[in-house]
Amino acid sequence: MKEPSIKIKIRNDLREAMLKDLRRPHKFAAERIGFMLTTSKRFANGSYIVYATDYVPVDDSDYIRDKYVGASISSTAIRKAMQIVLDKNCGCFHVHLHDHKGKPSPSRTDLTGGVPQIIDSFLSVDDSQLHGMTILSADSIYVDIKGKEQKGFVKPKISSFVGYPMKFHFNESRKTKSSDIFKRQSFLGSESSFLFDNVKVGIIGFGGGGSHIGQQLAHIGIKNLTIFDDDKIEASNLNRLIGGWYSDIAKSTQKVKIAERLIKKILPKSKPNLVPEKWQNQPELLQQCDIIVGCVDSLIGRRELEAECRRHLIPYIDIGMDVHTIDGAPYMSGQVILSMPGMACFKCMNFLTEQNLAEEGKKYGDVGGLPQVVWPNGVLASSAVGILVDLITGWTKKQNRKVYLSYDGNIGIVEENARAEYSPACCEHYPLDQVGSVRFKKL
Ligand SMILES: [Zn+2]
Ligand SMILES: [Zn+2]
């Protein structure tokens with residue numbers, strides 16, 4: 001049987017909490033062990049995503065003296081973990097730390113000691129979930145996974161730490177090929193072209209904003225794009241739809257077809273996944289993206305998209321613009337905001353409030369044709385692409401950056417909005433126990 005394709009995602013705040021716990025000294029054990037709880041989702045195409053949802057340290061009293069291994073835990077510790085699997089209907093991963101930089105590899109005792117039996121006992125409690133073993137290092141990870149359909153361990157195709165910047169650990173070795181096309185962006189790092197080949201980016205809406213995004217991502221070399229738009233081009237779109245042609249108007253060309261034509265001409269090897277529907281009709285295609293750029297019209301649409309992205313541990317970069325009247329004169333404004341799972345959300349940053357959502361709800365239906373033009377979309381999309389490239393490559397070396405950029409279109413300035421700085425460091429609106437598919441507890 002073919003090995004299933006598995007991705008595992010761990011929110012960075014949870015990873016940091018695990019590192020902190022595993023580094024605590026123990027009275028006599030040389031290292032510590034914990035259990036990472038997970039929930040997994042099987043997709044229609046047979047692939048899986050495993051989401052880390054919690055971590056449970058082994059109690060100090062559950063370690064036993066063992067001169068042959070760094071840490072040995074009692075059967076009580078394992079029974080406690082099995083009980084959690086039973087109660088929570090969750091996956092469970094044995095976790096320990098090799099505290100160095102770079103990819104950790106398992107020692108012989110890691111592979112042949114008690115760990116495989118522990119994982120089998122988790123499977124015997126709940127075989128609807130995937131279980132396994134994880135070794136963390138200071139900045140990387142090793143993962144072995146087992147489900148009821150596998151005899152042995154399977155390695156995830158990608159293990160990712162979800163945070164700013166993202167960290168993608170691929171199982172296969174990295175082929176860094178040099179291409180003249182991309183030699184002027186080599187400062188993005190030696191792994192960047194591999195990452196651009198393999199990271200999946202979703203674009204929600206291929207209109208005035210999304211079309212700029214798609215074009216730029218193709219130039220950068222991002223090959224796996226999933227583009228959602230259920231609309232067709234109309235005459236009133238031509239003032240801003242990048243890649244849209246005058247001749248498309250009479251043909252009512254689908255916007256995703258315009259996207260494909262634009263992207264394939266720049267990057268023939270790309271495989272854009274075209275979804276001529278609302279993302280809500282194809283949620284699994286969205287859930288399998290690693291990063292989402294949302295170019296949606298309404299606040300309610302943003303709230304829905306953010307909730308879905310948070311549930312599936314996907315960073316969501318939002319762009320939007322508006323023209324309204326202040327003192328009788330048009331004022332153009334816009335924003336680029338990053339909703340990073342585990343960090344401040346749109347509500348935390350006061351971008352979405354009960355009040356503005358309710359006001360929009362009242363107006364719903366008579367919003368009509370909002371003013372939209374090409375140049376502010378270009379500014380906002382370029383700023384968003386800059387954030388996206390940093391998320392993937394980490395080239396600026398910024399850590400845990402909160403992003404809320406405001407655009408004043410009347411004077412042409414983008415600056416950091418103070419709401420990002422004053423927002424809470426972590427978000428309470430989207431707790432980790434709500435990650436993954438909606439589950440119904442066994443009664
Ligand atoms: Zn080890
Ligand atoms: Zn929040």
Side-chain angles (χ1 to χ4, degrees), residues 11-14 18-19 21-23 26 29-36 57-58 63 66-73 77 93-119 132-144 153 155 159 162-164 294 299 302-318 335 337-357 400-404 417 419-435:
R11 232 167 66 174
N12 214 26
D13 53 336
L14 181 66
M18 291 195 281
L19 287 177
D21 179 72
L22 294 167
R23 282 175 175 148
H26 184 270
E31 58 181 15
R32 280 188 181 267
I33 292 167
F35 293 104
M36 180 175 79
V58 168
Y63 286 83
D66 184 337
K67 61 182 173 179
Y68 299 107
V69 292
S72 191
I73 53 175
F93 284 67
H94 179 282
V95 190
H96 72 289
L97 172 68
H98 290 186
D99 208 353
H100 56 72
K101 284 199 165 182
K103 195 168 174 65
S105 39
S107 67
R108 226 159 53 100
T109 39
D110 288 339
L111 292 174
T112 56
V115 180
Q117 282 124 286
I118 295 176
I119 294 161
M133 171 179 78
T134 294
I135 305 170
L136 292 175
S137 75
D139 59 0
S140 187
I141 188 167
Y142 172 92
V143 187
D144 272 332
F153 286 124
K155 303 224 178 326
S159 311
V162 179
Y164 196 115
L299 297 177
R302 289 178 166 90
R303 182 181 61 182
E304 259 184 66
L305 183 54
E306 183 182 43
E308 184 75 359
C309 289
R310 290 269 168 163
R311 186 170 275 290
H312 296 278
L313 298 184
I314 305 169
Y316 161 26
I317 305 170
D318 169 77
Q335 83 287 329
I337 308 189
L338 168 65
S339 175
M340 174 58 74
M343 296 175 64
C345 73
F346 292 162
K347 276 187 190 155
C348 290
M349 293 201 256
N350 249 326
F351 172 57
L352 293 183
T353 62
E354 291 307 325
Q355 197 189 353
N356 67 17
L357 285 163
N400 297 326
R401 181 179 173 200
K402 290 189 218 166
V403 180
Y404 188 152
N417 189 310
R419 287 171 178 181
E421 196 189 328
Y422 295 116
S423 64
C426 46
C427 164
E428 286 175 2
H429 301 104
Y430 296 101
L432 262 176
D433 61 7
Q434 289 173 12
V435 161

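All residue numbers refer to positions in the sequence shown, counting from 1. Counting starts at 1 for both ligands and their atoms, in listed order. The shown structure was predicted, so the numbers you read here are calculated from the model rather than taken from an experiment.
Contact annotation: D110 places an N, O or S atom under 2.8 Å from the Zn ion (ligand 1).
Note on R302 versus D318: salt bridge recorded, some NZ/NE/NH1/NH2 to OD/OE distance being below 4.0 Å. A salt bridge does not link D21 with R32: every distance from a Lys NZ or Arg NE/NH1/NH2 to an Asp or Glu carboxylate oxygen is 4.0 Å or more.
The N, O or S atom of H429 lying closest to the Zn ion (ligand 2) is ND1. Take the N/O/S atoms of H98: the one nearest the Zn ion (ligand 1) is NE2.
Between Y63 and A29, the shortest heavy-atom distance links the atoms CD2-CB, 3.8 Å.
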Discussion item. Could you walk me through whether S423 and K402 satisfy the side-chain hydrogen bond (donor to acceptor under 3.5 Å, both in side chains) test, starting with their C-alpha distance in whole Å, then the side-chain angles of each, then the deciding distance to 0.1 Å, before giving a yes or no?
Written reply: CA-CA 9 Å; S423 64; K402 290 189 218 166; 3.2 Å; yes

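Rounding to the nearest 10°, we obtain 120° for the angle at the Zn ion (ligand 2) between C348 SG and C345 SG.
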